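Read the structure below first, then the notes.
The figures here come from the full heavy-atom set of this structure, side chains too, leaving out hydrogens, waters and symmetry mates. If you're wondering where the values come from, they're calculated on a predicted model, not measured in any experiment.
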Amino acid sequence: EVQLQASGGGLAQAGGSLTLSCAAASGFTFDDYDIGWFRQAPGKEREGVSCISMSDGNTVSADFVKDRFTISSDNTKNTVYLRMNSLKPEDTAVYYCAAVLDCSGYESLTRSFVDYWGKGTLVTVSS
């Protein structure tokens, strides 16, 4: 079973920044998967945020985070990052990284494309 762990969450003020990390367990590499970030706000459905193709670096982001969030990867560290700028209170959620079937379009940000879920990290944005 793939083991992914998200970290880096915490409390931020509106307009602030946070960087989340998604690390894979020892023995697992990202070669076989693309990686996505999803989030779930209290009382809401889990939604896709961004994903990255580990083979060619292609990224897809939801419209509500474009120009604010950036997904990137460091294959040498087996880690994917989500840099979140200009945070808004509505960005408050538990953020999950996941191994996705591929990152090629908006459909890649749907739960049906998720192969494995990682553990989440809570992001709280205060106004």
Side-chain angles (χ1 to χ4, degrees):
E1 180 179 341
V2 172
Q3 293 184 354
L4 299 171
Q5 177 67 60
S7 62
L11 177 64
Q13 291 188 332
S17 299
L18 283 173
T19 298
L20 306 183
S21 299
C22 175
S26 175
F28 169 75
T29 68
F30 288 152
D31 291 348
D32 296 331
Y33 297 94
D34 290 342
I35 302 298
W37 284 98
F38 294 75
R39 70 184 187 184
Q40 187 165 17
K44 294 190 176 182
E45 295 285 321
R46 194 170 299 186
E47 60 183 355
V49 176
S50 287
C51 65
I52 185 167
S53 167
M54 305 308 289
S55 60
D56 62 15
N58 180 59
T59 64
V60 177
S61 293
D63 289 342
F64 57 80
V65 300
K66 281 182 178 177
D67 300 325
R68 298 192 300 125
F69 293 8
T70 302
I71 189 170
S72 62
S73 66
D74 185 338
N75 289 18
T76 64
K77 296 182 179 180
N78 245 13
T79 303
V80 171
Y81 304 97
L82 185 69
R83 174 65 177 179
M84 305 186 295
N85 296 325
S86 303
L87 284 163
K88 304 175 182 180
E90 52 263 43
D91 293 320
T92 295
V94 177
Y95 284 71
Y96 300 87
C97 61
V100 298
L101 298 174
D102 70 65
C103 180
S104 56
Y106 285 116
E107 67 276 6
S108 303
L109 299 180
T110 59
R111 297 178 67 171
S112 61
F113 265 61
V114 174
D115 225 4
Y116 297 100
W117 290 104
K119 295 182 180 179
T121 185
L122 175 64
V123 171
T124 303
V125 183
S126 63
S127 57

Polar side chain donor-acceptor pair, T70 to R83, under 3.5 angstrom = no
At their closest point, which heavy atom of F38 faces which heavy atom of S108, and how far apart are they?
-> CZ-O, 4.1 Å
Between the side chains of D63 and Y106, is a donor N or O closer than 3.5 angstrom to an acceptor N or O?
-> yes
Mark yes or no for whether S53, through its side chain, and N58, through its backbone, hold a donor-acceptor pair below 3.5 Å.
-> no
Rounded distance (nearest 0.5 Å) linking atom CG of D34 with atom OG of S55 = 6.0 Å
Begin with the C-alpha distance, continue with both residues' side-chain angles, and end with the deciding distance and a verdict on side chain to side chain contact (heavy atoms under 4.5 Å, CB included) for E47 and R111.
-> CA-CA 8 Å; E47 60 183 355; R111 297 178 67 171; over 6 Å; no
Gap between atom CD of Q3 and atom NZ of K119 - 0.5 Å precision | 7.5 Å
What are the two closest heavy atoms between E107 and F113, and how far apart are they?
-> O-CD1, 3.3 Å
Minimum-distance pair of heavy atoms, taken over all atoms of L109 and V49 | CD1-O, 4.0 Å
Decide yes or no on side chain to side chain contact (heavy atoms under 4.5 Å, CB included) for R68 and D91, but give the supporting numbers first.
-> CA-CA 11 Å; R68 298 192 300 125; D91 293 320; 2.7 Å; yes
If you count the non-hydrogen atoms of other residues, nucleotides and ligands that lie under 6.0 Å from NZ in K44, is the total more than 12?
-> no
Output, in order, the C-alpha distance, side-chain angles, deciding distance and verdict of ring-ring contact (aromatic ring centres under 6.0 Å, His included) for W37 and F69.
-> CA-CA 11 Å; W37 284 98; F69 293 8; 10.0 Å; no
In Å, rounded to the nearest 0.5 Å, how long is the span from CG of L82 to OG of S21?
-> 9.5 Å
If you group Ile, Leu, Val, Met, Phe, Trp and Tyr by side-chain heavy-atom gaps below 4.5 Å, do V100 and Y81 land in one group?
-> no
On the ring face of Y96, is R46 found with NZ or CZ under 6.0 Å from the centre and within 45° of the axis?
-> yes
Where I35 and I71 come nearest, the two heavy atoms and their spacing = O-CD1, 4.0 Å
Candidate pair V60 and S104, rule side chain to side chain contact (heavy atoms under 4.5 Å, CB included), full reasoning | CA-CA 7 Å; V60 177; S104 56; over 6 Å; no
At what distance, to the nearest 0.5 angstrom, does CG of L101 lie from SG of C51?
-> 11.0 Å
Given L18 and V123, is the side chain to side chain contact (heavy atoms under 4.5 Å, CB included) satisfied, shown in steps?
-> CA-CA 9 Å; L18 283 173; V123 171; 3.8 Å; yes
Drop me the distance from D56's CG to C103's SG, to the nearest 0.5 angstrom.
-> 8.5 Å
Tell me, yes or no, whether the heavy-atom count around Q13 atom CD, taken from other residues, nucleotides or ligands under 6.0 Å, exceeds 12.
-> no
Between the CG atom in L122 and the CG atom in L11, the distance rounded to the nearest 0.5 Å is 9.0 Å
Closest non-hydrogen atom pair between L20 and M84, with its separation = CG-CE, 3.8 Å
Under 3.5 Å, is there a donor-acceptor pair between the T79 and D74 side chains?
-> no
Which atoms form the tightest heavy-atom contact between M54 and S73, and what is the distance?
-> CE-CB, 3.7 Å
